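Structure first, commentary second.
Values in this document were obtained by computation on a predicted structure and should not be read as measured data. Only this structure's heavy atoms are used, side chains among them; waters, hydrogens and symmetry mates stay out. Protein chains get the first letters and strands the later ones, always in sequence-line order, with residue 1 at the start of each.
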2 protein chains.
Amino acid sequence: MVKERVTVIDIAHAAGVSKSTVSLVLQGSSLVNEATRAKVNAAIRDLGYVYNRGAANLRQSKSKIIGIVVNDLTNSFFAELAVGVDAVVQSAGFVQFLANTGEKIERQREVVASMREHGVSGLIISPARGTEAADLAPLVESGIPVVLVVRDIAGANVSSLISDNHAGAVAAVRHLIERGHQRIAFLGGFSDTAVFEARMRGYRDALVEAGMPVSESLIIGSAPSRAGGVTAVEQAMMLADRPTAALCFNDAVAFGVCDGLRARRLEPGADFAVIGFDDVIEAKTAVPALTTVSVDPQGMGQRAAELLLKQIKAGKAEPEAIVGSVRLVVRQSCGAAVERKREALA
Amino acid sequence: MVKERVTVIDIAHAAGVSKSTVSLVLQGSSLVNEATRAKVNAAIRDLGYVYNRGAANLRQSKSKIIGIVVNDLTNSFFAELAVGVDAVVQSAGFVQFLANTGEKIERQREVVASMREHGVSGLIISPARGTEAADLAPLVESGIPVVLVVRDIAGANVSSLISDNHAGAVAAVRHLIERGHQRIAFLGGFSDTAVFEARMRGYRDALVEAGMPVSESLIIGSAPSRAGGVTAVEQAMMLADRPTAALCFNDAVAFGVCDGLRARRLEPGADFAVIGFDDVIEAKTAVPALTTVSVDPQGMGQRAAELLLKQIKAGKAEPEAIVGSVRLVVRQSCGAAVERKREALA
DNA sequence: CTGTTAGCGCATTCAA
DNA sequence: TTGAATGCGCTAACAG
């Protein structure tokens, strides 16, 4: 049942005009007679013509397709990111190549090469671990706009969109202060990372901003894990002047903190406020009492796509470092999520 | 910094051969002299040549790209599905267009049209609600292989891949019987749906297979919701001869059953086995004690992609109805999931 | 084994 | 306003 591909020339023939006339109506040009336009459109419908974007792209050597490659599509964060990208990209009349690298740098090399061969006019990428600036060099040299999301790469001369850890910490601590907390701890994380430094600085700044003292004893590092959270909160509760709330390095730590609190017969959220950076994401559904600071993945995807489209339109791939918005989010109740999903698959 | 596109003719010139020779080495043809091949490859590397797949596609009027459109990429089920598709598609040297319809049928029309214009050589689609056979007709008529996943469409003359509800129910009930349960209830769901009918039939068949009686009083319908689960289990526990286990119509019902059990001071999993079809998916993380029957989304994606590729290779789009494999899965512990996610974003 | 020729389907000049 | 010619980058016949 494979029908012959019908081309502009076919419909030109059927409509009794030349193919360039057809081309004009296809692009909605205003300089074509209304009557002929109607005839052409009729022929298009009758013959079931479909525009061949590949040929058009070849001719004008530019495509309406962008690539998005993520390191773990299994992680719902990246799925949401892709949804955000898809939304704006679709609206702009583009389509997206999506590829998942599964954190494999070799896979990434392949898919990026493939996308380049396919002539993507821009690329959004959450690079696999270990990606180096050199890996992206061929792309930027050929003038293809690239925007990095989630993870930055030092020395890569491209735009990037990462979360604003400092602003997030400030927002979180303000949130706690507004609720009357006077002694707020910062728990978990290794102090030798840039991420830790940013979050910690936000924590300090927010306290200073509120005219509150910064007590070093309330800053307790640990492994950024659930177990680390347990030991950190235990140490905090040994203090003479115990905290009543904690900002945790990430949500894994926050879980551990909740565990530790329960071991002491304290109810997280009620007896002791705990708030964590949402690095782990999926865990959102697991601890109802937990408040998290997280970037909105879809929003990030949208901003990334907008940034990319702007660069594509501009022609010049002017690198532009942007710090993503970080929102303070109180987690969604489990019931609501379940209902939403149920409907989706009905 | 936009460099001129270097073409086969450039490298042919540089290597001192003709462009068709270059074309041959590009396709790894064996009928080209080893020495010239080396020269050509050197030129390719030196000039930074990138293959233009668009032009090649135009020439041979066939592309190495497949489309995948899902109704809700926000749902991790579909994200995993896309991962599965991506895996096999990448390995076959294809790339995938991914589009999310968000259950909007208009959006779906647009993206399907767009993909057609881009010349996808096949399409995997989880149709938006309300999609009709007519919506897919143009595709199949033009000879593009289509495989439907998750949701089937009556009258659409295409392959489809849906879960085997009957087999899943049989597997679940066998699972319970193996664990020594003698009185197993079937809880929740409206009996007028095809899905209910299939699951119920599997339940009955498994009991019969084991030589156990099918007691109508143990079959209790309800709304396929959490609340429905509560009422269903309450009714079940009023029976003179109480069940010790239940197969639930879906996981929302199963949650409700767990709720109802706890209200009666019974611990789900320990005092009473509950197992549910995993329609809701994300909820997997919420109830540790719950066992679910679910299709493996990645596996489904892989099978869909393989099926599609087979049809593409065959040239003929021979529709082929396939019932997806349904696996019995004991849900993953929360801790493991958290660790996995933490690493991913580190 | 290598070079020549002729399009794939479309957009873009230029004339008419 | 419309038609004729030209080429985007590549592959597929052939011919040498």
Given Watson-Crick and G-U pairs under 3.5 Å, DNA chain D in dot-bracket ([ ] crossing, | other strand) is ||||||||||||||.|

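Salt bridge A:Glu306/A:Arg303: absent, no basic N to carboxylate O contact under 4.0 Å. Taking 4.0 Å as the cut-off between side-chain N and carboxylate O, A:Glu141 and A:Arg116 do not count as a salt-bridged pair.
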Self-check item: Intermediate values then yes/no, side-chain contact (heavy atoms from CB on, under 4.5 Å), B:Val17 and B:Val22
Solution: CA-CA 7 Å; B:Val17 297; B:Val22 177; 3.9 Å; yes

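Among A:Asn157, A:Leu123, A:Leu148, A:Ile144, the single residue meeting the side-chain contact (heavy atoms from CB on, under 4.5 Å) criterion with A:Leu136 is A:Leu148.
If you measure from atom CZ of B:Arg59 to atom C1' of C:dG7, you get 5 Å, rounded to the nearest angstrom. Across the protein-nucleic acid pair, B:Leu58 atom CG and C:dC10 atom P stand 9 Å apart, rounded to whole Å.
Close to C:dC10, at under 4.0 Å from its OP1 or OP2, lies no side-chain N or O of A:Gln27. In this structure, A:Ser23 reaches the C:dA11 phosphate: one of its side-chain N or O atoms is under 4.0 Å from OP1 or OP2. Under 4.0 angstrom from either OP1 or OP2 of C:dG9 there lies no side-chain N or O belonging to B:Ser61.
Counting any heavy atom pair closer than 4.0 Å across all strands shown, A:Thr21 reaches sugar-phosphate atoms only and no base atom.
Listed in residue order, the members of residues 8-18 of chain A having a heavy atom less than 4.0 Å from DNA chain D are A:Val17, A:Ser18.
Rounding to the nearest 0.5 angstrom, the gap separating the OG1 atom in A:Thr101 from the CG atom in B:Asp86 is 9.5 Å. Note that CE of B:Met115 is 8.0 Å distant from CD1 of B:Ile65, once rounded to the nearest 0.5 Å. One distance of note links CG of A:Leu26 with OG of A:Ser20; it measures 11.5 Å at 0.5 Å rounding.
B:Ala82 and A:Leu73 make their closest contact through CB-CD2, 4.0 Å (heavy atoms, listed as atom of the first residue, atom of the second, distance). The two residues A:Pro127 and A:Asn71 make their nearest non-hydrogen contact at O-CB, 4.1 Å.
Between the side chains of A:Arg109 and A:Thr131, no donor-acceptor pair is found at a separation under 3.5 Å.
Between B:Gln60 and B:Val32, the one whose closest nucleotide on DNA chain C sits nearer the 5' end is B:Val32. Along DNA chain D, the nucleotide nearest A:Thr36 and the nucleotide nearest A:Lys19 are compared for position; the residue whose nucleotide lies closer to the 5' end is A:Thr36.
Here the range on DNA chain D touched by chain B, meaning any atom under 4.0 Å from one of its heavy atoms, is D:dG9 to D:dA12.
Out of C:dG9, C:dC10, C:dT4, the shortest distance to the side chain of A:Tyr49 is found at C:dC10.
No donor-acceptor distance shorter than 3.5 angstrom exists from the side chain of A:Gln108 to the backbone of A:Val69, with no hydrogens or angles considered.
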